[in-house]
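Just below is one structure, and these are the notes that go with it.
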Amino acid sequence: MWVLGLLLAVLLLMKGQESWGACVEVESDTEAVATENFKLGCICCKRRAEVPATASVDWYYMKVPNTSFVQIYSFRDKDITMGPQFDKRLTWKGSENSTDLQDGSIVLHNVTTNDTGHYRCEITRNLTIHSYRIPTYSQKNFTLTVVEKPTRPDASIVSEVMMYVSIIGLQLWLLVEMIYCYGKISAAGAAQRESMAEYIATPPTEKNSEDLLVDE
Ligand SMILES: *[C@@H]1O[C@H](CO)[C@@H](O)[C@H](O)[C@H]1NC(C)=O
Ligand SMILES: *[C@@H]1O[C@H](CO)[C@@H](O)[C@H](O)[C@H]1NC(C)=O
Ligand SMILES: *[C@@H]1O[C@H](CO)[C@@H](O)[C@H](O)[C@H]1NC(C)=O
Ligand SMILES: *[C@@H]1O[C@H](CO)[C@@H](O)[C@H](O)[C@H]1NC(C)=O
Ligand SMILES: *[C@@H]1O[C@H](CO)[C@@H](O)[C@H](O)[C@H]1NC(C)=O
Ligand SMILES: *[C@@H]1O[C@H](CO)[C@@H](O)[C@H](O)[C@H]1NC(C)=O
């Protein structure tokens with residue numbers, strides 16, 4: 001039971017939930033599937049959780065044959081500004097009900113192969129310590145590749161089928177072998193019983209009695 005609890009706790013921590021007071025910097029996935037939605041992950045934890053802060057998040061994108069980074073999304077005081085590049089396909093998926101954004105993730109809807117490229121997330125945070133404002137800045141980079149279909153699941157389906165085939169095959173083989181052995185054993189038993197009966201019915205000659213060492 002406690003193993004399950006531990007697993008649950010770890011899973012919740014992995015989600016970087018702020019309600020637990022724990023923030024874990026999980027790297028973004030870098031492989032999206034065309035036509036599906038993809039979460040562009042960006043978590044920048046505050047080094048000192050107890051210090052109040054306000055933050056803003058900016059996202060930048062650069063196409064693969066390098067051009068330059070262009071701003072595609074900005075979240076500032078709950079105001080969202082979007083560039084034209086992604087045609088309103090971006091939605092906020094980061095921290096909610098908080099001015100201190102430790103999670104600045106966004107979701108890219110209806111991914112196309114055109115969305116391949118470099119993504120950069122910047123979190124600008126003003127820490128307030130004894131009424132002093134201390135600005136901090138952090139950024140995350142990753143390169144997104146878009147695949148037409150998830151490739152790994154196909155391979156895993158094939159290997160799963162192969163596994164079942166081999167398990168069933170092995171069991172059938174075992175069954176056949178068992179039937180064969182059982183047949184042999186019972187045949188041998190019958191033969192033995194037969195020869196025994198024969199032996200009892202016809203008393204052995206002197207030569208045989210020495211060989212077989214049967215006293216009765
Ligand atoms: C942080 O402080 C600067 C300078 O005062 C200000 O321009 C900026 O809007 C602040 N950012 C946030 C997210 O509060
Ligand atoms: C793109 O790459 C070329 C050559 O690799 C380089 O000269 C150029 O500065 C790069 N441009 C940007 C915006 O990174
Ligand atoms: C994604 O595609 C579906 C079906 O093509 C469409 O209904 C939906 O509005 C699209 N979503 C966005 C955010 O563009
Ligand atoms: C944020 O606030 C809204 C309404 O004020 C509420 O419905 C929502 O559950 C809150 N979200 C979180 C993560 O607390
Ligand atoms: C991909 O980008 C090119 C050039 O920007 C554009 O012509 C094309 O329509 C785009 N394709 C999709 C599926 O968005
Ligand atoms: C992200 O990319 C920029 C520009 O290419 C670079 O200056 C910066 O060091 C990179 N940051 C990280 C965390 O890799």
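- Not one N or O on the side chain of Ser98 forms a donor-acceptor pair closer than 3.5 Å with the backbone of Ser95.
- Smallest separation of non-hydrogen atoms from Ala55 and Leu101: O-CD1, 3.3 Å.
- Looking only at side-chain heavy atoms (C-beta outward), Asn141 and Gln139 come within less than 4.5 Å of each other.
- A heavy-atom distance below 4.5 Å is not found between the side chains of Leu108 and Trp59.
- A distance of 9.0 Å separates CD in Glu122 from OG in Ser138, rounded to the nearest 0.5 Å.
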Working note: Arg47 + Glu25, criterion salt bridge (charged side-chain N to carboxylate O under 4.0 Å, His left out); need CA distance, chi angles, decisive distance, verdict.
CA-CA 11 Å; Arg47 295 286 165 258; Glu25 296 200 359; 3.8 Å; yes
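- From Leu144, atom CG reaches atom CD of Glu31 across 9.0 Å, with rounding to the nearest 0.5 Å.
- Side chains of Ile72 and Tyr60 form no contact here, defined as non-hydrogen atoms less than 4.5 Å apart.
- In this structure, Glu177 places its CD atom where more than 12 heavy-atom neighbours from other residues, nucleotides or ligands lie under 6.0 Å away.
- Within a 6.0 Å sphere centred on OH of Tyr137, other residues, nucleotides and ligands contribute more than 12 heavy atoms.
- Annotation for Ser74 and Gln71: closest pair CB-NE2, 3.4 Å, computed over non-hydrogen atoms.
- In this structure the side chain of Phe142 reaches within 4.5 angstrom of the side chain of Leu40, judged on heavy atoms.
- Separating the CG atom in Asp77 from the OG1 atom in Thr54 is a distance of 7.5 Å, to the nearest 0.5 Å.
- Here the side chains of Tyr61 and Phe69 are not in contact, with every heavy-atom distance at 4.5 Å or above.
- Evaluation of the disulfide (SG to SG under 2.5 Å) rule for Cys121 yields Cys42 as partners, not counting sequence neighbours.
- Here the CH2-CG distance, from Trp173 to Leu170, works out to 7.5 Å after rounding to the nearest 0.5 Å.
- Residues Met82 and Phe86 form no side-chain contact, since every pair of their non-hydrogen atoms from C-beta on lies 4.5 Å or further apart.
- A donor-acceptor pair is defined here as one N or O able to donate and one able to accept, closer than 3.5 Å; such a pair exists between the side chain of Arg125 and the backbone of Cys44.
- At a threshold of 4.0 Å, the pair Asp58-Arg120 does not count as salt-bridged, since none of the basic side-chain nitrogens sits closer than that to a carboxylate oxygen.
- Remark: the backbone N or O of Val107 is not paired with any side-chain donor or acceptor of Asn37 at under 3.5 angstrom.
- Among residues two or more places apart in sequence or in another chain, the side-chain hydrogen bond (donor to acceptor under 3.5 Å, both in side chains) test is passed with Asp115 by Arg89.
- With Thr145 contributing its side chain and Thr30 its backbone, the two residues share a donor-acceptor pair below 3.5 Å.
- A donor-acceptor pair under 3.5 Å links the side-chain atoms of Gln102 to the main chain of Lys46, judged by distance alone.
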Tyr73 and Ile80: side-chain contact (heavy atoms from CB on, under 4.5 Å), yes or no, with the steps?
CA-CA 7 Å; Tyr73 192 95; Ile80 293 168; 3.3 Å; yes
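- Annotation: Met163, atom CE; neighbour count of heavy atoms from other residues, nucleotides and ligands within 6.0 Å is above 12.
- A pairwise comparison of heavy atoms in Ser186 and Gly183 identifies OG-O, 3.1 Å as the closest pair.
- In this structure, the side chain of Lys63 engages the main chain of Asn114 through a donor-acceptor pair within 3.5 Å.
- When all heavy atoms are compared, the tightest approach of Val51 to Ile129 is CG1-CG1, 3.6 Å.
- Val64 and Val111 are assigned to two separate hydrophobic clusters, defined by single-linkage of ILVMFWY side chains at heavy-atom distances under 4.5 Å.
- Put simply, the side chain of Val57 reaches to within 4.5 Å of the side chain of Trp92, judged on heavy atoms.
- The line from CG of Leu172 to CD1 of Ile167 is 12.0 Å long, rounded to the nearest 0.5 Å.
- Between Cys23 and Ile43, the closest heavy-atom pair is SG-CG2, 3.8 Å.
- Separating the CD1 atom in Ile106 from the NE2 atom in His109 is a distance of 9.5 Å, to the nearest 0.5 Å.
- Contact check for Lys140 versus Glu27: side-chain heavy atoms found under the 4.5 Å cut-off.
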Output, in order, the C-alpha distance, side-chain angles, deciding distance and verdict of side-chain hydrogen bond (donor to acceptor under 3.5 Å, both in side chains) for Ser105 and Asp103.
CA-CA 6 Å; Ser105 306; Asp103 186 349; 2.6 Å; yes
So Arg133 and Leu127, side-chain contact (heavy atoms from CB on, under 4.5 Å) or not? Walk me through it.
CA-CA 6 Å; Arg133 175 180 287 155; Leu127 298 166; over 6 Å; no
